[in-house]
Amino acid sequence: MGETTMDVWEAMSTARTIRRFTDEPVDDATLARCLQAASWAPSGANAQAWRFVVLRSPEQRVVVGKAAKHALDVIEPVYGMSRPADDDNSRRARNNRATYELHDRAGEYTSVLFVQQNFTTASELLLGGSIFPAMQNFLLAARSQGLGACLTGWASYEGEPLFREAVGVPADWIIAGHVVVGWPRGHHGPVRRKPLRDIVSLNHWDDDPGPLADGPYSVS
Ligand SMILES: Cc1cc2nc3c(=O)[nH]c(=O)nc-3n(C[C@H](O)[C@H](O)[C@H](O)COP(=O)(O)O)c2cc1C
């Protein structure tokens, strides 16, 4: 069990990605609350043309493990990643170590596939906008309950056909994302993000936002 919080500001600001998990299984009640929160998200025209497919049978975990391996083969050269030496304790080494552990042990965890119906009238970006809010709600509900989670792109790359076949995703549905969940080994903690001043402008692209960017803000 991880650290819980009912404070939405604390949940949002400390919901960093967790990639290392204990062996304790995720119970139905905790997972069901995450799924409920996902279902409360907005979607275009309130269409709710989504499916959340929980993957936890031994067969589906094998598929998840294979997709994770494919993903690792793709991202290693893209991000210039390699397995860190045991005595390297730099931030990068710690991040990479956690990422390798997640991919190596992927087949041991419960995960959820987020699938969105494809409407040819909408762009893929717009369709993504109708399901990523559900994933964010899921992540925040996980954080609130002390559960750790990692959104993955494993359904992209070569994992897509694997998931599609194993789950039986209809041809007119798009696999948007995949979230691994588990009880954290380690802690939730503050997310690291750019300062508001670098990303907010007022009225025009380069205009200073003034006090709107004086943060960090929170309400308590
Ligand atoms: C669309 C998307 C895809 C992601 N895919 C992966 C992934 O395949 N593997 C992974 O370890 N993390 C993945 N992440 C997690 C991001 O790396 C992470 O959210 C980001 O580095 C910020 O770190 P933080 O969540 O700890 O603040 C993904 C996040 C998003 C939004």
Side-chain angles (χ1 to χ4, degrees), residues 6 8-9 11-12 15-19 21 25-71 74-75 102-103 106-107 109-145 147-182 191 193 199:
M6 292 300 282
V8 68
W9 294 89
M12 285 191 293
R16 73 182 177 205
T17 297
I18 301 286
R19 297 186 176 86
F21 303 107
V26 178
D27 55 284
D28 278 356
T30 303
L31 186 56
R33 280 190 288 268
C34 295
L35 296 164
Q36 176 75 76
S39 79
W40 287 331
S43 59
N46 202 18
Q48 303 169 63
W50 50 36
R51 281 292 185 94
F52 315 136
V53 185
V54 177
L55 304 174
R56 68 175 177 194
S57 71
E59 298 76 23
Q60 298 301 47
R61 288 180 182 205
V62 169
V63 174
V64 173
K66 281 185 189 162
K69 186 176 174 339
H70 283 311
V74 173
I75 65 173
L102 175 76
H103 287 77
Y109 306 129
T110 294
S111 59
V112 183
L113 212 53
F114 287 80
V115 192
Q116 162 71 40
Q117 192 169 6
N118 189 3
F119 300 117
T120 49
T121 45
S123 69
E124 276 209 4
L125 189 59
L126 194 58
L127 291 167
S130 276
I131 189 145
F132 274 86
M135 283 185 245
Q136 180 65 12
N137 268 15
F138 183 99
L139 295 176
L140 290 176
R143 167 64 194 95
S144 169
Q145 299 180 89
L147 196 64
C150 179
L151 205 167
T152 90
W154 299 347
S156 305
Y157 321 119
E158 291 165 47
E160 211 257 350
L162 298 179
F163 282 122
R164 200 168 266 287
E165 191 191 333
V167 170
V169 177
D172 62 334
W173 287 66
I174 301 170
I175 302 179
H178 170 254
V179 177
V180 179
V181 288
V191 296
R193 297 292 185 262
I199 55 173

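For the numbers below, each heavy atom of this structure counts, side chains included, while hydrogens, waters and symmetry mates do not. Computed from a predicted model, the values in this text were never measured in an experiment.
The nearest pair of heavy atoms linking A149 to V181 is CB-CG1, 4.1 Å. Between T17 and C150, the closest heavy-atom pair is CG2-SG, 3.4 Å. When all heavy atoms of A15 and L140 are compared, the closest pair comes out as CB-CD2, 4.2 Å. When all heavy atoms of V54 and L31 are compared, the pair lying nearest together is CG1-CD2, 3.8 Å. The minimum heavy-atom distance between V64 and A106, with the atom names listed, is CG1-O, 3.8 Å. Nearest heavy atom pair, residue M6 against residue S144, reads SD-OG, 4.1 Å.
Under a 3.5 Å cut-off, the side chain of S130 and the backbone N or O of S43 do not form any donor-acceptor pair. A donor-acceptor pair under 3.5 Å links the side-chain atoms of Q145 to the main chain of A141, judged by distance alone. In this structure a side-chain-to-backbone donor-acceptor pair under 3.5 Å is present from N137 to A37. Judged by distance alone, with hydrogens and angles left aside, the side-chain atoms of Q116 form no donor-acceptor pair with the main-chain N or O of A176 at under 3.5 Å.
Rounded to the nearest 0.5 Å, atoms CD1 (I174) and CZ (F119) are 9.5 Å apart. Distance CH2/W40 to CD/Q48: 13.0 Å, rounded to 0.5 Å. In this structure, the separation between OG1 on T121 and CG on L127 is 7.5 Å, given to the nearest 0.5 Å.
Using a 4.5 Å heavy-atom cutoff, the side chains of L55 and V167 are in contact. The shortest distance between side-chain heavy atoms of V115 and F163 does not fall below 4.5 Å. At least one side-chain heavy atom of W154 sits less than 4.5 Å from a side-chain heavy atom of V180. With a 4.5 Å cut-off on side-chain heavy atoms, E59 and V63 do not count as touching. Looking at heavy atoms from C-beta onward, I199 lies out of side-chain contact with R193 at the 4.5 angstrom threshold.
Defined by atom type and a distance below 3.5 Å, a donor-acceptor pair is present between the side-chain atoms of T110 and R61.
Partner L113 forms a side-chain contact (heavy atoms from CB on, under 4.5 Å) with one of R51, Q60, R164, H178 and no other, that one being H178.
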Start with the C-alpha gap between H70 and L162, add the side-chain angles, then the distance that decides, and say whether side chain to side chain contact (heavy atoms under 4.5 Å, CB included) holds.
CA-CA 10 Å; H70 283 311; L162 298 179; 3.6 Å; yes
Passes ring-ring contact (aromatic ring centres under 6.0 Å, His included), F114 versus F138? Steps please.
CA-CA 10 Å; F114 287 80; F138 183 99; 5.6 Å; yes
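A 6.0 Å sphere centred on CD of E124 holds no more than 12 heavy atoms belonging to other residues, nucleotides or ligands.
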